[in-house]
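As structure tokens, the structure follows; a few thoughts come after it.
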Amino acid sequence: MLAPIIDRMLSFNLGEPGRFFVELIQNNLLLFLIIFAVYGGIVLYAKYIWVEYLPGKMKAFLEKSAYEKMTADQYFENWLVQRQQLPKYILVPTQNEWWVKPAAKMSGQEKMLFYNSKKKKLSERERFSLLVEEMGMV
């Protein structure tokens, strides 16, 4: 009963190319399911790195270099040098959060999208300066 209605809607709204893509997805449903699951897993992994792993690494870096007396900017520049040495499998979301890139290639000024919480929305520099203040190093 619904099949003829859906077919008419597809042919009317999508045209020939649209019907081709819909049939392609319907015929290869498992393949597309696996592709989107891998994509979603990679993006979630990158968000976990951004939210949990990098702040932990920053804190460990600050604890290690606590004996050195520097300004917050100098600490951040040293952090950027250390972050450049992170392995390529440490990924972070891009600014629009649709894909990922290695953490070593970040500039430190990236912010996440507005719908994240305030703590997650901070740029790397802002997070780092909060950690420096929190640890009382300045």
Side-chain angles (χ1 to χ4, degrees):
M1 184 167 141
L2 287 177
I5 296 171
I6 292 174
D7 285 340
R8 262 188 288 160
M9 279 186 6
L10 288 177
S11 68
F12 180 73
N13 292 334
L14 299 177
E16 193 65 34
R19 280 196 310 268
F20 169 75
F21 285 117
V22 169
E23 287 178 19
L24 180 69
I25 291 171
Q26 286 176 342
N27 294 337
N28 302 301
L29 199 56
L30 185 61
L31 174 69
F32 281 95
L33 179 67
I34 291 171
I35 289 171
F36 286 119
V38 168
Y39 169 76
I42 289 172
V43 171
L44 283 175
Y45 166 76
K47 285 188 180 196
Y48 173 78
I49 295 294
W50 178 258
V51 172
E52 298 292 329
Y53 180 78
L54 280 181
K57 282 293 230 183
M58 285 180 198
K59 197 167 195 166
F61 169 77
L62 286 173
E63 289 170 353
K64 186 177 75 172
S65 60
Y67 63 89
E68 302 171 18
K69 297 297 179 196
M70 295 186 275
T71 64
D73 289 336
Q74 290 171 329
Y75 280 124
F76 185 70
E77 294 302 322
N78 289 347
W79 161 250
L80 289 179
V81 170
Q82 181 172 339
R83 196 198 61 219
Q84 296 290 328
Q85 298 166 356
L86 287 175
K88 295 211 184 286
Y89 62 83
I90 302 296
L91 304 172
V92 293
T94 56
Q95 188 167 2
N96 63 7
E97 298 187 20
W98 281 40
W99 194 236
V100 297
K101 63 181 172 181
K105 297 194 187 275
M106 289 176 31
S107 68
Q109 302 301 326
E110 293 90 354
K111 285 191 175 188
M112 294 297 109
L113 291 178
F114 63 90
Y115 54 80
N116 284 324
S117 69
K118 288 183 181 178
K119 191 167 187 179
K120 294 177 188 174
K121 189 169 64 169
L122 298 174
S123 71
E124 188 177 10
R125 180 179 289 276
E126 293 166 344
R127 280 177 155 194
F128 195 83
S129 59
L130 278 178
L131 275 174
V132 168
E133 291 172 11
E134 193 177 285
M135 296 179 75
M137 299 179 76
V138 177

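These figures come from a predicted structure and were not determined experimentally.
Within 6.0 Å of CZ on Phe32 lie more than 12 heavy atoms contributed by other residues, nucleotides or ligands. No more than 12 heavy atoms of other residues, nucleotides or ligands sit less than 6.0 Å from atom CZ of Phe20.
Residues Leu30 and Phe36 do not share a hydrophobic cluster, defined by chaining ILVMFWY side chains whose heavy atoms lie under 4.5 Å apart. By the rule that hydrophobic residues join a cluster once side-chain heavy atoms approach within less than 4.5 Å of another member, Val38 and Val43 end up as members of one cluster. Connection of Tyr89 to Ile42 is established within a shared hydrophobic cluster, with ILVMFWY side chains joined at heavy-atom distances below 4.5 Å, either directly or through further cluster members. Follow the hydrophobic side-chain contacts under 4.5 Å out from Trp99 and you reach Met106 in the same cluster. Placement of Ile49 and Trp98 within a single hydrophobic cluster is found when ILVMFWY residues are connected by side-chain heavy-atom separations under 4.5 Å, directly or transitively.
Expressed to the nearest 0.5 Å, how far CD of Glu68 lies from CG of Asn78 amounts to 6.5 Å. Residue Leu31 holds its CG atom at 8.5 Å from CG of Leu24, rounded to the nearest 0.5 Å. Within the model, atoms OH of Tyr45 and CH2 of Trp50 stand 14.5 Å from one another, a figure rounded to the nearest 0.5 Å. Atoms CD and OG1, on Glu77 and Thr71 in that order, are 9.0 Å from each other to the nearest 0.5 Å. Here the straight-line distance linking atom CD of Glu23 with atom CG of Asn28 works out to 11.5 Å at 0.5 Å rounding. To the nearest 0.5 Å, atom CZ of residue Arg83 and atom CZ of residue Phe128 are 10.5 Å apart.
For the pair Glu134 and Lys59, the minimum side-chain heavy-atom distance is below 4.5 Å. Proximity of Lys64 to Gln82: side-chain heavy atoms (C-beta onward) are separated by under 4.5 Å at one or more points. Lys57 is not listed as a side-chain neighbour of Ile90, based on a closest heavy-atom distance of 4.5 Å or more. You'll find the side chain of Leu86 reaches within 4.5 Å of the side chain of Tyr53, heavy atoms only. Under the 4.5 Å side-chain criterion, counting only non-hydrogen atoms from C-beta, Leu130 is in contact with Glu133.
At distances below 3.5 Å, not a single donor-acceptor pair connects side-chain atoms of Thr94 with backbone N or O atoms of Val100.
What you find for Val92 and Ala46 is that their closest heavy atoms are C-CB, 3.7 Å.
By the side chain to side chain contact (heavy atoms under 4.5 Å, CB included) test, Tyr67 is found to be paired with no residue, residues two or more places apart in sequence or in another chain being considered.
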* Verdict with supporting geometry, Tyr75 and Ser65, side chain to side chain contact (heavy atoms under 4.5 Å, CB included) -> CA-CA 8 Å; Tyr75 280 124; Ser65 60; 3.8 Å; yes

* Would you check, one step at a time, whether the test side chain to side chain contact (heavy atoms under 4.5 Å, CB included) holds for Gln84 with Lys105? => CA-CA 7 Å; Gln84 296 290 328; Lys105 297 194 187 275; over 6 Å; no

* Output, in order, the C-alpha distance, side-chain angles, deciding distance and verdict of side chain to side chain contact (heavy atoms under 4.5 Å, CB included) for Leu91 and Lys101. => CA-CA 5 Å; Leu91 304 172; Lys101 63 181 172 181; over 6 Å; no

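Aromatic ring pairs are classed by plane angle as parallel below 30°, tilted from 30° to 60° and perpendicular above 60°; the pair Phe61 and Trp79 is tilted.
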